[in-house]
Amino acid sequence: MQSASISGGGSVASVGRARGSRVYAGFCGIREIGLGNKSDLLMPGRSLCCAGTRIGSIEMGITRMRAGMENILRSKRETVSIRPHAGGDFEENPSSELRPKFSGTVLPYVGFACLGAILFGYHLGVVNGALDYLSQDLLIAENAVLQGWVVSTLLAGATVGSFTGGSLADKFGRTQTFQLAAIPLTVGAFLSTTAQSVRAMMIGRLLAGIGIGISSAVVPLYISEISPTEIRGALGSVNQLFICIGILAALVAGLPLSGNPIWWRSMFGISIIPAILLALGMAISPESPRWLVQQGKFSEAEKAVRTLYGKERVAEVMHDLKAGGQGTVESDAGWFDLFSKRYRKVVSVGAALFLFQQLAGINAVVYYSTSVFRSAGIASDASASALVGASNVFGTAIASSLMDRKGRKSLLLTSFVGMAASMLLLSLSFTWKVLAPYSGTLAVLGTVLYVLSFSLGAGPVPALLLPEIFASRIRAKAVALSLGMHWISNFLIGLFFLTVVNKFGISSVYLGFAAVCLLAVLYVAGNVVETKGRSLEEIEFALNPAL
């Protein structure tokens with residue numbers, strides 16, 4: 001990239017020298033007489049001498065000078081200069097602000113992709129309300145172990161799905177991978193709805209988990225690759241917003257349970273509808289232009305770009321894609337390539353962000369918030385869940401509006417600092433005797449602030465940031481690997497959280513979560529780059545100077 005910048009600068013300089021020689025005569029008269037006698041410049045018909053040159057010569061010179069400056073500015077706009085600072089951030093690049101507006105129709109296709117995010121959240125949340133009722137119906141009400149497996153089988157399936165999603169996306173493309181994911185999502189939901197035994201329920205949950213694992217890898221990947229640079233942050237954070245909406249939808253779907261215990265079957269059956277809509281929507285959605293160019297399908301890529309961005313930006317986007325190393329002789333990376341010297345640092349950042357996200361305690365807080373709210377005198381489980389869910393949606397909506405203005409890195413730092421403070425507040429509310437009269441209120445406040453802080457950055461940013469920082473040839477598999485870390489850590493926390501709490505106490509556990517959040521702040525500050533306002537190709541060039 002440095003060589004590109006130097007050559008670009010050389011072209012600008014040569015244009016400037018050429019234009020300078022042309023306007024020399026025009027400047028000649030002004031330089032000779034100076035600008036002290038302004039009346040001479042203002043009076044029409046007066047002569048300004050420099051070897052007999054009249055005012056018309058000066059006007060012609062100024063006109064040429066203006067044209068020369070416009071050419072220089074045009075050359076600068078066409079010159080791409082991307083230089084990461086020593087700390088990993090990027091210098092401001094005004095070229096991104098001069099891109100033509102897009103006139104395509106990207107939003108409907110982002111909406112179709114977000115059906116996968118809704119299903120992600122719905123399948124995570126649906127069992128919370130339905131578990132007691134399905135346990136009675138399937139005769140496992142007294143077997144806590146089997147109940148735990150009904151819950152965690154989904155996470156096991158999601159781990160498998162997240163690791164396979166990257167390979168499928170590389171081989172078949174993003175849209176076809178969505179359609180493949182819709183198959184286990186539909187079949188799994190149907191088996192869960194009609195299950196007459198715990199074995200059938202677990203198979204259904206496993207299949208649904210595989211489906212959401214695949215879609216969890218492909219949703220952020222597809223959205224990042226089809227979104228215009230200037231709104232990629234807002235559209236990318238929509239993924240997390242729709243996950244939260246899916247969780248809320250599952251909570252709302254459980255409201256009729258108290259009057260109709262068999263309603264739990266309908267709760268699982270509802271998820272069949274968005275799964276079918278996902279498959280149908282992706283049948284009419286354009287494939288990722290980046291994937292098409294990588295496969296050498298340039299005409300199809302141009303058609304997709306025209307649909308997504310509008311015909312005005314076809315040449316610009318196609319140039320960026322080809323310049324970004326798409327469609328070169330480099331094949332898609334294998335799994336072992338992710339750990340090569342070339343890629344292991346950036347891949348480790350992706351895995352670390354999801355590990356910090358989970359080890360900071362978000363699922364532990366959400367799973368056990370009911371008991372915390374009950375200690376504050378709120379006996380309604382629905383009220384506790386609704387308050388946490390509403391906080392999550394509200395914070396994620398705010399993050400969507402800030403993503404392209406404040407940047408990814410700043411939101412991550414703010415989020416983890418807020419989570420650390422909230423966890424410290426929760427820990428102190430359980431231990432400080434002076435706070436005992438206010439422990440319930442502080443527990444509620446700490447939980448809500450924690451969820452809000454999480455949804456501002458730690459929740460939406462990793463899934464958005466990772467497709468941006470990973471090189472094109474490793475993007476799908478690296479995202480899948482990072483999400484695999486997410487599901488594994490999620491599974492382990494759900495499995496061992498109560499054991500750790502019983503051994504060390506809830507206050508100590510929350511204090512440990514606060515320490516993890518502070519470690520995350522230090523890690524993000526030293527290792528995460530800012531990507532707002534940069535195309536994926538610019539980011540790839542900056543992080544891989546060898547390209």
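All values below were derived from every heavy atom in this structure, side-chain atoms included, with hydrogens, water molecules and symmetry-related copies excluded. Sequence positions, counted from 1, serve as the residue numbers for this chain. Because the structure is a prediction, the values reported are computed rather than measured.
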Q: Go through it in stages, so that I can follow the logic: the residues are Phe242 and Val219, the test is side-chain contact (heavy atoms from CB on, under 4.5 Å), and I'd like the CA-CA distance, side-chain angles, deciding distance and then a yes or no.
A: CA-CA 11 Å; Phe242 275 89; Val219 171; over 6 Å; no

Q: With no hydrogens and no angle check, just 3.5 Å: does a side-chain donor-acceptor pair link Ser489 and Gln358?
A: no

Q: Please report the shortest heavy-atom distance between Met419 and Cys517, naming the atom on each side.
A: CB-SG, 3.6 Å

Q: Kindly say whether Lys171 contributes a backbone atom to a donor-acceptor pair with the side chain of Trp291 at under 3.5 angstrom?
A: no

Q: Does Ile362 offer a backbone N or O that forms a donor-acceptor pair with the side chain of Tyr450 under 3.5 Å?
A: yes

Q: Rounded to the nearest 0.5 Å, what's the gap from CE on Met267 to OG1 on Thr193? Could you check?
A: 10.5 Å

Q: Is there a side-chain contact between Phe172 and Gln179, using heavy atoms and a 4.5 Å cut-off?
A: no

Q: Can you name the nearest heavy-atom pair linking Gly361 to Met423, along with the distance?
A: O-CE, 4.4 Å

Q: Can Ser215 and Leu119 be said to form a side-chain contact (heavy atoms from CB on, under 4.5 Å), step by step?
A: CA-CA 9 Å; Ser215 63; Leu119 287 165; 5.8 Å; no

Q: Without swapping roles, check the side chain of Ser415 against the backbone of Ser453 for a donor-acceptor pair under 3.5 Å.
A: yes

Q: Measure up the Trp264 and Phe268 rings against each other and bin them: parallel (under 30°), tilted (30 to 60°), perpendicular (over 60°).
A: perpendicular

Q: Would Leu206 and Leu154 satisfy side-chain contact (heavy atoms from CB on, under 4.5 Å), going step by step from the backbone distance to the final call?
A: CA-CA 5 Å; Leu206 181 67; Leu154 180 84; over 6 Å; no

Q: Closest heavy-atom contact between Val218 and Ala169?
A: CG2-CB, 4.5 Å

Q: What is the distance from atom CG of Leu426 to atom OG1 of Thr447, rounded to the nearest 0.5 Å?
A: 4.5 Å

Q: What pair of heavy atoms forms the shortest contact from Gly395 to Leu456, and how long is it?
A: O-CD2, 3.6 Å

Q: Could you tell me whether the side chain of Lys477 and the main chain of Ser167 form a donor-acceptor pair under 3.5 Å?
A: no

Q: Can you check whether Ile223 reaches Tyr109 side chain to side chain, under 4.5 Å on heavy atoms?
A: no

Q: So Ile488 and Phe163, do their side chains get closer than 4.5 Å, heavy atoms only?
A: yes

Q: Would you find a donor on one side and an acceptor on the other, under 3.5 Å apart, between the side chain of Ser427 and the backbone of Ser507?
A: yes

Q: Does the side chain of Leu191 come within less than 4.5 Å of Leu207's, by heavy atoms?
A: yes

Q: Do Ile214 and Ser162 touch side chain to side chain, with heavy atoms closer than 4.5 Å?
A: no

Q: Using 0.5 Å steps for rounding, measure from the OH atom of Tyr510 to the OG atom of Ser422.
A: 11.5 Å

Q: Measuring from Phe178:CZ to Leu278:CG, what's the distance to the nearest 0.5 Å?
A: 6.5 Å

Q: So do the side chains of Phe190 and Ile272 get within less than 4.5 Å of each other, counting heavy atoms only?
A: yes

Q: Should the pair Tyr523 and Phe356 be assigned to parallel (<30°), tilted (30 to 60°) or perpendicular (>60°) ring geometry?
A: tilted

Q: Enter the distance from Asn527:CG to Lys345:NZ here, rounded to the nearest 0.5 Å.
A: 6.0 Å

Q: Using every non-hydrogen atom in the two residues, find where Pro462 and Gly457 come nearest and quote the distance to one decimal.
A: CD-O, 3.6 Å

Q: Taking Arg205 for the side chain and Val150 for the main chain, is one N or O donor matched with an acceptor at less than 3.5 Å?
A: yes

Q: Are the side chains of Arg265 and Tyr133 in contact, using a 4.5 Å heavy-atom criterion?
A: no

Q: Tell me if a side-chain donor or acceptor on Arg290 pairs with a main-chain N or O of Glu225 at a distance below 3.5 Å.
A: yes

Q: Going from CG on Asp137 to CD1 on Ile262, what distance comes out if it is rounded to the nearest 0.5 angstrom?
A: 4.0 Å

Q: Tell me, with the steps shown, if Phe394 and Val448 meet side-chain contact (heavy atoms from CB on, under 4.5 Å).
A: CA-CA 11 Å; Phe394 178 70; Val448 172; over 6 Å; no

Q: Is any side-chain heavy atom of Val461 closer than 4.5 Å to a side-chain heavy atom of Val528?
A: no

Q: Is Gln147 reaching over with its side chain to a backbone N or O of Ile140, donor-acceptor style, under 3.5 angstrom?
A: yes

Q: Over all heavy atoms of both residues, which pair between Ser391 and Leu452 is shortest? Give the atoms and the distance, please.
A: O-CD2, 3.3 Å

Q: Please confirm whether the backbone N or O of Leu411 pairs with a side-chain atom of Thr414, one donor and one acceptor, at under 3.5 Å?
A: no

